[in-house]
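First the structure, in the form of structure tokens, and then the observations on it.
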Amino acid sequence: MDTTVKALDTNGPATAATLVATDLQPFLHDAVVTLYAPSFVISRPDGQLGGGADGFYHGDSRALSHLTVTAGSIALAPVVGGLRGADRADFRAILRGLGEVTPDPAVALNRRRTVASGRLEESFEVTNAGTQRVGFRLTVTAGTDLAPMERVKTGHAPDPVPAREEGGAGPGGSGLAWSRDGFAVRLVSEPAPDALEAPEGRLSFDVELAPGASWTATLRCTAAHADGDQFPAAPADAVPWRTPALRSADRRFDQWLDQSVADADRLRLVDPRTAEGTGGVDQFLAAGAPWFLTLFGRDSLWAARMLLPLGTELAAGTLRTLARRQGAVADPATEEQPGKILHEVRRSTQNFNEAFAVPPVYYGTVDATPLWITLLHDSWRWGLAPEQVEQLLPHTESALAWIRDQAAEADDGFLRYVDRTGRGLANQGWKDSGDAIRHRDGRLADPPIALCEVQAYAYEAARGGAALLRAFGRPGADVWEEWAEGLATRFRKRFWVEDARGAYPAVALDRDGRPVDSVTSGFGHLLGTGLLNQEESAALAARLTGPDLDSGHGLRTLSSDSVGFNPYGYHIGSIWPHDTAIAVHGLVRAGFPDAAASLAAGLLTASAGFAGRLPELFAGHGAEAGPRPAPYPASCRPQAWAAASSVLVLRSALGLDADVPGGTVTVAPAFAGAYAPLTVTGLQVGGARLDIALAADGTVNTTAPEGLTVVSA
């Protein structure tokens, strides 16, 4: 999970008696989300904004909560609607009965939406294809509560703020305005409405149309915080990667990649603290819309790592953005510690309820720090300039020291977490809902908790950190390699448990060092990291492809055989695309391409069920319950690491890896033959273009940058 899960989940399972309508997180599964970070719009499938989480948002604040159109007593019958890219959408409707002399519709409304940073544009075009002259009053009603995001998420939105009429120069002249606490919103129309009613927020237009005629009005809404954007939108012409083009025998794969890269493009934000001399602005991906459209350590790092085959610039920006905010002091209120990488950054404190609140800069994560080190290592191998790597090595040493000190603090030498604030995240790995870490019998684990995947991340970070230190002539490489091997030995002794199907690693160790013995998707995060030997990897490969975990649409987070399994459980039965993609890559790295192919095929099937825009997570019923996966209704969509998963799956299918310092790029197709003939152009390694073509007979043709030797299996 990206962050602050639903407040009820974060603080443990709620009873039915605690849930009332106003406590419920809004559903999003049928929403249309248009995005241009840090702004986005959520609407109904017919284009209307009105209720739940609907609205136009900017910088974690809701600028409009309602924007509806009516035509007096004439019914609007939606016909079709949806995305036209990441930041645009169209919606068509028929004005039933108006001007109709045959069964054919005569008058239609086409609503076009475009969102940009701090700006929403809605265009309404009415066309009369009938034979009669028609007239009616079209009314647009706008309103807002100016709610902060956490209030929307908990279902406790404040009362509406009355609109006021406000004059101004330029198109539209007078318009409607709202403001509170330094957040200002203005809505104008071109042409000006025939009637403007404030505080009701109504703009009315008298429309007269001859046969064959059309009428258009455009509404523009702007939103801004008085102190500016915390993380501004990235320049449209400064995309920090090379955009790939995939053409395969399976058009679902092509669509998934195209939509994913387009969504990632609109999730880009920049660090306003970008230092001079970096050659531009430091960019990173916001975690996802609507709940997490800001900087997250874990999410931004994983997304950048998955996108490395497109270039290293995003990774470099992500690394530097987080390095500038790396922990420097011990602060129990924020869980900051020297060397630690943060969890999330917000404009202000998020107060979800009396027991759960998150400060603006929050360090409650156990895994972002090792993931930061590994991203730097992998970026170096993919061709990040040595001088940029070297600038970050002091931060690497601080992050390694944090890992060492945290592990030394525990009696067993494992990396653990516990919420010391009493109001923060109870679980601080990626499965951070309060009921995520549980024993096989359903009991929740007691903290401090040592997660299995976090030990794998720490192992990989120690090895990667050692490689960086050695390559750049800094001391400590041997020590960190020795530390990693000690961790692997301890893990082998303490984490492995057994059931009727054989041995497997527990999802965690609890406060007393007892294995938390549930069977989870966490196995996939261990593969290919070096923590396991071949026999152990084979055991996990067999487990991951079993029907209790492999749903046919991806990996379930918790085995369907487990006590407490819930296909709609946030981390106890649902399917997360990034989680499955990580397992796919791990299986390929560990030498099990057939197992990887099965999981990848399921994820590809799921992508088609979501029109190529895979959500943060979806329900874990599986393919046996139907050909299309059921949504998790409150899921983010788009979401950074879900989008980036398409690139990681493509990389895994191609067996693609890079070692620019060593002068090689590896292309050893693992299961790409299932999608052949396949051509992908516009990948990037070492700062230059990489193209790969796989023929139906398995022949591979690679066009690699000069100076790199192509290695095949």
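When a residue number appears, it is its place in the shown sequence, counting from 1. Every heavy atom of this structure was used, including side-chain atoms; hydrogens, water molecules and symmetry mates were not.
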Show every side-chain hydrogen bond (donor to acceptor under 3.5 Å, both in side chains) that has at least one partner inside residues 63-84, sequence neighbours left out.
Arg84-Asp90
Do [X] and [Y] get their side chains close enough for a donor-acceptor pair, meaning under 3.5 Å?
{"X": "Arg202", "Y": "Thr139", "result": "no"}
{"X": "Tyr363", "Y": "Glu344", "result": "no"}
{"X": "His578", "Y": "Ser645", "result": "no"}
{"X": "Arg111", "Y": "Gln48", "result": "yes"}

Give a yes or no on whether the backbone of [Y] and the side-chain of [X] come within a donor-acceptor separation of less than 3.5 Å.
{"X": "Arg268", "Y": "Ala238", "value": "yes"}
{"X": "Trp576", "Y": "Tyr570", "value": "yes"}
{"X": "Arg62", "Y": "Ala157", "value": "no"}
{"X": "Lys431", "Y": "Thr557", "value": "yes"}
{"X": "Thr321", "Y": "Thr318", "value": "no"}
{"X": "Asp229", "Y": "Phe231", "value": "no"}
{"X": "Thr294", "Y": "Val345", "value": "yes"}
{"X": "Gln639", "Y": "Ala642", "value": "yes"}
{"X": "Gln230", "Y": "Arg346", "value": "yes"}
{"X": "Arg151", "Y": "His156", "value": "yes"}

Could you walk me through whether Phe124 and Phe205 pass the ring-ring contact (aromatic ring centres under 6.0 Å, His included) check?
CA-CA 11 Å; Phe124 300 92; Phe205 306 86; 8.1 Å; no
To the nearest 0.5 Å, what is the distance between [atom1] ([X]) and [atom2] ([Y])?
{"X": "Leu614", "Y": "Leu604", "atom1": "CG", "atom2": "CG", "value": "9.0 Å"}
{"X": "Met149", "Y": "Ser61", "atom1": "CE", "atom2": "OG", "value": "8.0 Å"}
{"X": "Cys636", "Y": "Leu293", "atom1": "SG", "atom2": "CG", "value": "8.5 Å"}
{"X": "Leu269", "Y": "Leu267", "atom1": "CG", "atom2": "CG", "value": "8.0 Å"}
{"X": "Thr154", "Y": "Leu24", "atom1": "OG1", "atom2": "CG", "value": "10.5 Å"}
{"X": "His553", "Y": "Leu603", "atom1": "NE2", "atom2": "CG", "value": "10.5 Å"}

Can you tell me how the ring of [X] sits relative to the ring of [Y], calling it parallel under 30°, perpendicular over 60° and tilted otherwise?
{"X": "Tyr568", "Y": "His621", "answer": "perpendicular"}
{"X": "Phe352", "Y": "Phe356", "answer": "parallel"}
{"X": "His343", "Y": "Tyr362", "answer": "perpendicular"}

Taking 4.0 angstrom as the limit, do [X] and [Y] come out as a salt bridge?
{"X": "Arg324", "Y": "Asp282", "value": "yes"}
{"X": "Arg112", "Y": "Glu122", "value": "no"}
{"X": "Arg325", "Y": "Asp271", "value": "yes"}
{"X": "Arg347", "Y": "Asp227", "value": "yes"}
{"X": "Asp263", "Y": "Arg266", "value": "no"}
{"X": "Glu121", "Y": "Arg119", "value": "no"}

Quick one, Leu146 with Val185, criterion side chain to side chain contact (heavy atoms under 4.5 Å, CB included). Give me CA distance, side-chain angles, the key distance, then yes/no.
CA-CA 9 Å; Leu146 301 179; Val185 180; 3.8 Å; yes
For Ala53, what residues pass the side chain to side chain contact (heavy atoms under 4.5 Å, CB included) criterion, not counting sequence neighbours?
Pro26, Leu28, Ile42, Tyr57, Val152, Trp291
Would you indicate whether Arg251, at its atom CZ, is surrounded by more than 12 heavy atoms from other residues, nucleotides or ligands within a distance under 6.0 Å?
yes
Please tell me if the side chains of [X] and [Y] come closer than 4.5 Å, counting only heavy atoms from C-beta onward.
{"X": "Thr243", "Y": "Leu310", "value": "no"}
{"X": "Leu187", "Y": "Leu219", "value": "yes"}
{"X": "Arg180", "Y": "Val161", "value": "yes"}
{"X": "Ser574", "Y": "Phe618", "value": "no"}
{"X": "Pro45", "Y": "Phe91", "value": "no"}
{"X": "His58", "Y": "Pro38", "value": "yes"}
{"X": "Leu295", "Y": "Ser300", "value": "yes"}
{"X": "Arg613", "Y": "Arg637", "value": "yes"}

For the residue pair [X] and [Y], what are the closest heavy atoms and their distance?
{"X": "Ala333", "Y": "Pro359", "result": "O-CG, 3.9 Å"}
{"X": "Arg113", "Y": "Ser43", "result": "NH1-OG, 2.9 Å"}
{"X": "Thr349", "Y": "Pro360", "result": "OG1-CD, 3.3 Å"}
{"X": "Ala236", "Y": "Tyr36", "result": "CB-OH, 3.5 Å"}
{"X": "Ala289", "Y": "Val33", "result": "CB-CG1, 4.3 Å"}
{"X": "Phe40", "Y": "Leu35", "result": "CB-CD1, 3.9 Å"}

Can the ring centroids of Trp302 and Phe296 be said to lie less than 6.0 angstrom from one another?
no
Would you say the rings of Tyr632 and His29 are close, in the sense that their centroids are separated by under 6.0 Å?
no
Take Val107 and Val134 through the side chain to side chain contact (heavy atoms under 4.5 Å, CB included) test and state the conclusion after the steps.
CA-CA 9 Å; Val107 182; Val134 299; 4.2 Å; yes
Run the side chain to side chain contact (heavy atoms under 4.5 Å, CB included) check on Leu307 and Leu285 step by step: do they pass?
CA-CA 11 Å; Leu307 293 176; Leu285 295 191; 3.9 Å; yes
What donor-acceptor contacts under 3.5 angstrom involve side-chain atoms of residues 209-217, with partners at least two apart or in another chain?
none

Side chain to side chain contact (heavy atoms under 4.5 Å, CB included) between Arg220 and Leu120: does it pass, once the steps are laid out?
CA-CA 6 Å; Arg220 295 179 178 87; Leu120 165 65; over 6 Å; no
Residues Ser433, His571; criterion side-chain hydrogen bond (donor to acceptor under 3.5 Å, both in side chains); working and verdict
CA-CA 7 Å; Ser433 53; His571 294 119; 2.7 Å; yes
